[in-house]
Amino acid sequence: MSKRDYYEVLGVERTVTETELKASFRKLAMRHHPDRNPGDKQAEIRFKEINEAYQILSDNQKRNAYDRYGHQAFAQGVSSSGPGFGPDFSDFMSDIFDNFFGDTRQRRKPGRERGADRRADIEITLEEAFRGKTAAIEVPTNMLCDACAGSGAQHGAKPRACSTCHGHGRVRATQGFFSIERGCPTCHGRGQTIDNPCASCAGMGRVTRERSLSVNIPAGVEDGTRIRLAGEGDAGTRGAPAGDLYLFLSVKPHAFYQRDGADLFCRVPISMVAAALGGEVVVPTLDGAEAKLRIPEGTQTGKQFVLRGKGMPVLRSREFGDLHIQAVVETPQNLTRRQRELLNEFDKESSSATQPESSGFFGRVKDFFEGL
């Protein structure tokens with residue numbers, strides 16, 4: 001039976017680019033792979049035909065020869081590599097097997113499994129984030145069983161090599177002309193079976209216990225900071241390394257300060273008299289000291305003041321952010337008769353010079369309506 005045209009086999013035009021050729025081959029190889037079509041002889045034949053066509057057209061010299069002479073160019077054999085499994089094909093099939101079965105290039109030793117990672121949440125105050133602290137936490141962790149020293153077998157007993165995989169932890173199955181490796185279903189990849197499992201851990205080699213840890217939280221941490229403690233997670237099996245413990249920090253809202261990075265923000269109420277005449281207010285800071293803030297005469301609500309270096313420490317440095325203070329002029333309430341009289345006298349004595357903003361506003365309003 002005559003061979004089909006290689007371009008037709010791969011479903012491409014003769015002007016196909018290298019990238020388009022690879023994409024078409026990948027698609028067809030995935031579709032007709034024998035492991036996706038077990039027992040289908042036609043799929044196996046089609047798969048070999050696709051591979052042969054790609055081996056010719058992916059090589060520039062072979063493609064040129066094929067374009068000139070067709071199949072006759074390879075009547076005596078394609079080359080020393082032949083239309084079999086060349087390097088490019090191996091790369092593609094590696095990708096295909098990764099998609100089917102996961103990456104098989106990194107093999108674990110039978111029975112050894114790295115411990116799982118653990119997570120713990122810690123809530124701290126803004127003051128603790130400012131100073132840093134040492135926190136004691138209780139974490140449930142899978143630890144090595146003391147009764148069997150992590151072997152999973154009763155005291156004095158020993159695990160034996162799995163009779164199915166002979167201690168390898170993996171078994172091989174042949175489908176068509178491919179061999180597929182997978183975890184042993186008998187020992188679940190451990191390579192060993194236990195006839196007399198440990199009563200304390202039921203043969204798992206690990207038990208769950210509460211473990212106390214002392215954690216150093218550095219000054220300057222922010223809400224959502226993650227701290228990794230290497231090797232403090234679950235114990236590994238049969239001598240494998242332990243997992244890690246990840247601490248996620250949350251900072252409680254503060255009654256006085258809001259935080260943005262290393263900068264702190266707060267609103268400070270100022271009496272009407274202090275705002276008009278000027279004065280001084282005392283602002284508490286997180287370092288325990290008191291900062292004196294000079295209020296200039298005629299201060300308005302919303303006026304911003306900055307105290308340099310009075311904010312949060314910058315994590316793992318000697319720098320500090322700033323403290324931003326917003327003035328809020330407080331309007332007097334519950335006035336006595338005498339206070340009302342004094343304010344009325346003040347109002348009569350007021351002019352555009354003493355209240356320039358309101359005078360300017362109402363002047364613009366008047367001009368607006370006159371213009372209408």
Query raised in the report: Taking it one step at a time, do D59 and Y54 satisfy side-chain hydrogen bond (donor to acceptor under 3.5 Å, both in side chains)?
Result: CA-CA 8 Å; D59 185 293; Y54 179 73; over 6 Å; no
Query raised in the report: Can the ring centres of Y66 and Y6 be said to be less than 6.0 Å apart?
Result: yes
Query raised in the report: Does the separation of the ring centres of F305 and H324 fall below 6.0 angstrom?
Result: no
Considering only NZ, NE, NH1 and NH2 on the basic side and carboxylate oxygens on the acidic side, decide whether [X] and [Y] come within less than 4.0 Å.
| X | Y | result |
| --- | --- | --- |
| K3 | E49 | no |
| R119 | D117 | no |
| D244 | R114 | yes |

Report task. Tell me whether the guanidinium CZ or amine NZ of R118 lies under 6.0 angstrom from the six-membered ring centre of Y246 and within 45° of its axis. Result -> no
Query - Closest non-hydrogen atom pair between A291 and L307, with its separation - result: CB-CD1, 3.6 Å
Requested in this report: Taking all non-hydrogen atoms of both residues into account, name the closest pair between A129 and R259 and its distance.
Outcome: CB-NH1, 4.2 Å
Query - Separation of M30 CE from F47 CZ (nearest 0.5 Å) - result: 10.5 Å
Query raised in the report: Above 12 or not: heavy atoms from other molecules or residues under 6.0 Å from CD of Q326?
Result: yes
**Report entry** Within 6.0 Å of CD in E345, more than 12 heavy atoms from elsewhere
**Finding:** yes
Requested in this report: Side-chain contact test, heavy atoms from C-beta onward, threshold under 4.5 Å: evaluate it for T125 versus V251 and give yes or no.
Outcome: no
Requested in this report: Take R211 and E232 through the test salt bridge (Lys or Arg N to Asp or Glu O under 4.0 Å) and record every step on the way to the result.
Outcome: CA-CA 10 Å; R211 191 155 58 104; E232 296 294 347; 2.7 Å; yes
Report task. Decide side-chain hydrogen bond (donor to acceptor under 3.5 Å, both in side chains) for S212 and E138; before the verdict, give the C-alpha distance in whole Å, the side-chain angles of both, and the deciding distance to 0.1 Å. Result -> CA-CA 5 Å; S212 298; E138 297 287 332; 2.4 Å; yes
Query raised in the report: When you look at H254 and E127, which way does the side-chain hydrogen bond (donor to acceptor under 3.5 Å, both in side chains) test go after all the steps?
Result: CA-CA 9 Å; H254 197 271; E127 288 82 359; 2.7 Å; yes
Query - Evaluation steps, side-chain hydrogen bond (donor to acceptor under 3.5 Å, both in side chains), between T208 and N142 - result: CA-CA 4 Å; T208 302; N142 287 329; 2.4 Å; yes
